[in-house]
There are 2 protein chains.
Amino acid sequence: MNTSDRLIESTRALLWERGYVGTSPKAIQQRAGAGQGSMYHHFTGKPDLALAAIRRTAEEMRAKAEEQFAGPGTALERVSAYLLRERDVLKGCPIGGLAQDPDVVADPALRRPVEETFDWLRGRLAEVLAEGRERGELSASLDPAGTASAVVAVLQGGYVLARAAGSAEPYDRAVKGVLGLLAAQATL
Amino acid sequence: MNTSDRLIESTRALLWERGYVGTSPKAIQQRAGAGQGSMYHHFTGKPDLALAAIRRTAEEMRAKAEEQFAGPGTALERVSAYLLRERDVLKGCPIGGLAQDPDVVADPALRRPVEETFDWLRGRLAEVLAEGRERGELSASLDPAGTASAVVAVLQGGYVLARAAGSAEPYDRAVKGVLGLLAAQATL
DNA sequence: GTCTATAATTTGATAGAC
DNA sequence: GTCTATCAAATTATAGAC
């Protein structure tokens, strides 16, 4: 891994652990094993480096989600697989956490990849649900778009509740709760 | 309002806008119109002041939620009223946002009021849903505890998605989505 | 490309005058 | 109780040697 990559990986880890406001260039350099000159040679500053890091994290997140969505099983099984997939719940969502950061939200360049990731996720979930409805697995009265929004929100909210509790339990309860409501939409 | 109160109110506003990591004692003092000596006379430091601010915000939040829960109407109407109540969606949840802050989560004293607020909220929502089920408004197969967890998560996740999008729309969509799933649990 | 000064500013707090 | 020094460390860079 070259210096540029090490700097990006260091930034990704720190953005996840400390957020954008809580991450200093110095900490990025130390974790990457690079000097200041090195960092300012490859990137114009903290925002530039953060953008590269966020883009890479977003790309990785989409790829991992698509594994579940494109997998086998009914629509409900694929949504369940996605929500119940092993996650570092207590660390929070590496993308969702950025939405709480004031400096990320204030900078359109930094906010865009976050927004796009959630747009994609919601759209992809809606497709899976719509497919399940067409196949007759889910009630014809189910609203795929609205339900997809709710599912993404439960996921993000589950992370928030878990961090607040210092335990993964609230995440599991919330996911089971929404899966229970979804199961009631399954045709017998 | 005395100096102590002004300092607490200043801290409350800054914690909401900038988070704990992003809030400096200097900013707190300037907003409160107080000097450093004043702040360190009334509070031992930033954590002490933050604790007072978080407690006050949590108390206010519970009181506002209870207004909807204790209001008139069916269980579903009261949950709807709570979720659809006017909110500063783009500013995020003043309590939920703290759960993303690394220094809040790392300090048990600061995390506790956040955790307690969500515990209370989940418990209170479960009571409302259980009451609706007993009255025959909601399906006997509905799980009040799990559903309450999911509803709180949708609320918190809705805030996250709205901030990511720079628009309140994702919040509204997520809330409508979960209310749609809940409506399907209503007895005819 | 990488490194080591250097520096203006901010952070989070203490000391002591009033 | 409130204020103004004062302070050591961190922040976010820039400059210039190697």
Side-chain angles (χ1 to χ4, degrees), chain A residues 1-56 97-98 100-111, chain B residues 1-56 97-98 100-111:
Chain A
M1 204 158 49
N2 60 30
T3 302
S4 176
D5 273 330
R6 286 206 318 279
L7 283 164
I8 293 176
E9 289 305 313
S10 168
T11 305
R12 292 217 300 155
L14 285 165
L15 284 182
W16 196 6
E17 288 170 18
R18 303 273 320 156
Y20 183 81
V21 166
T23 295
S24 71
K26 189 181 192 174
I28 292 171
Q29 294 149 23
Q30 286 179 337
R31 192 167 190 138
Q36 304 210 43
S38 217
M39 181 187 129
Y40 286 103
H41 170 75
H42 291 286
F43 301 93
T44 65
K46 185 176 159 179
D48 187 32
L49 192 40
L51 183 58
I54 293 172
R55 280 185 174 148
R56 192 176 282 189
L98 298 168
Q100 189 53 44
D101 212 298
D103 290 357
V104 169
V105 169
D107 184 337
L110 293 180
R111 188 174 59 74
Chain B
M1 202 158 51
N2 61 29
T3 301
S4 175
D5 273 329
R6 286 206 318 281
L7 284 165
I8 291 176
E9 289 305 313
S10 168
T11 305
R12 292 217 302 153
L14 285 165
L15 284 182
W16 196 5
E17 289 170 17
R18 303 272 321 155
Y20 182 81
V21 167
T23 294
S24 69
K26 189 180 192 175
I28 292 172
Q29 294 150 22
Q30 286 178 339
R31 192 168 191 140
Q36 304 210 42
S38 218
M39 181 186 131
Y40 286 103
H41 170 74
H42 290 287
F43 302 92
T44 64
K46 186 176 160 180
D48 187 31
L49 191 39
L51 182 58
I54 293 173
R55 280 186 175 146
R56 194 176 281 188
L98 298 170
Q100 190 52 42
D101 213 298
D103 290 357
V104 169
V105 169
D107 184 338
L110 294 179
R111 189 173 60 74

Quick one: is Ser24(A) getting a side-chain N or O under 4.0 Å of the dT11(D) phosphate, OP1 or OP2? yes
Donor-acceptor check, side chain of Arg6(B) to backbone of Ala32(B), threshold 3.5 angstrom: yes or no? yes
What integer distance in Å separates Asp48(B):CG from dG12(C):C1'? 14 Å
Nearest whole angstrom, please: distance from the P of dA15(C) to the OH of Tyr40(B). 13 Å
Considering only heavy side-chain atoms of Gln36(B), the closest of dT10(C), dA5(D), dG1(D) is dA5(D)
Do other residues, nucleotides or ligands put more than 12 heavy atoms under 6.0 Å from the CZ atom of Arg31(A)? yes
Taking Leu7(B) as the fixed residue, which of Arg12(B), His41(B), Met39(B) is the one that meets the side chain to side chain contact (heavy atoms under 4.5 Å, CB included) rule? Met39(B)
Can you check the Gln30(B) CD to dT4(D) P distance for me, whole Å? 12 Å
Side-chain N or O of Thr3(A) less than 4.0 angstrom from OP1 or OP2 on dT2(C)? yes
Does a side-chain N-to-carboxylate-O contact under 4.0 Å join Arg56(A) and Glu9(A)? yes
Between Met1(B) (CE) and dG1(D) (C1'), how many Å, whole number? 17 Å
At under 4.0 Å, does any side-chain N or O of His42(B) touch on OP1 or OP2 of dT2(D)? yes
Starting from the 5' end of DNA chain D, give me the residue, Ala27(A) or Gly37(A), whose nearest nucleotide shows up first. Ala27(A)
Starting at atom NE2 of His41(B), determine the distance to atom P of dA17(C), rounded to an integer number of angstrom. 18 Å
Distance, rounded to the nearest Å, where Lys26(B) contributes NZ and dG12(C) contributes P: 11 Å
Of the listed nucleotides dG1(D), dG12(C), dT12(D), the one nearest the side chain of Pro25(B): dG12(C)
dG1(C) P sits how many Å from Phe43(A) CZ, rounded? 12 Å
Could you tell me how far apart Lys46(B) (NZ) and dA10(D) (C1') are, to the nearest whole angstrom? 13 Å
Judged by atom type as modelled, is there a donor-acceptor pair below 3.5 Å linking the side chain of Thr23(A) to the main-chain atoms of Leu14(A)? yes
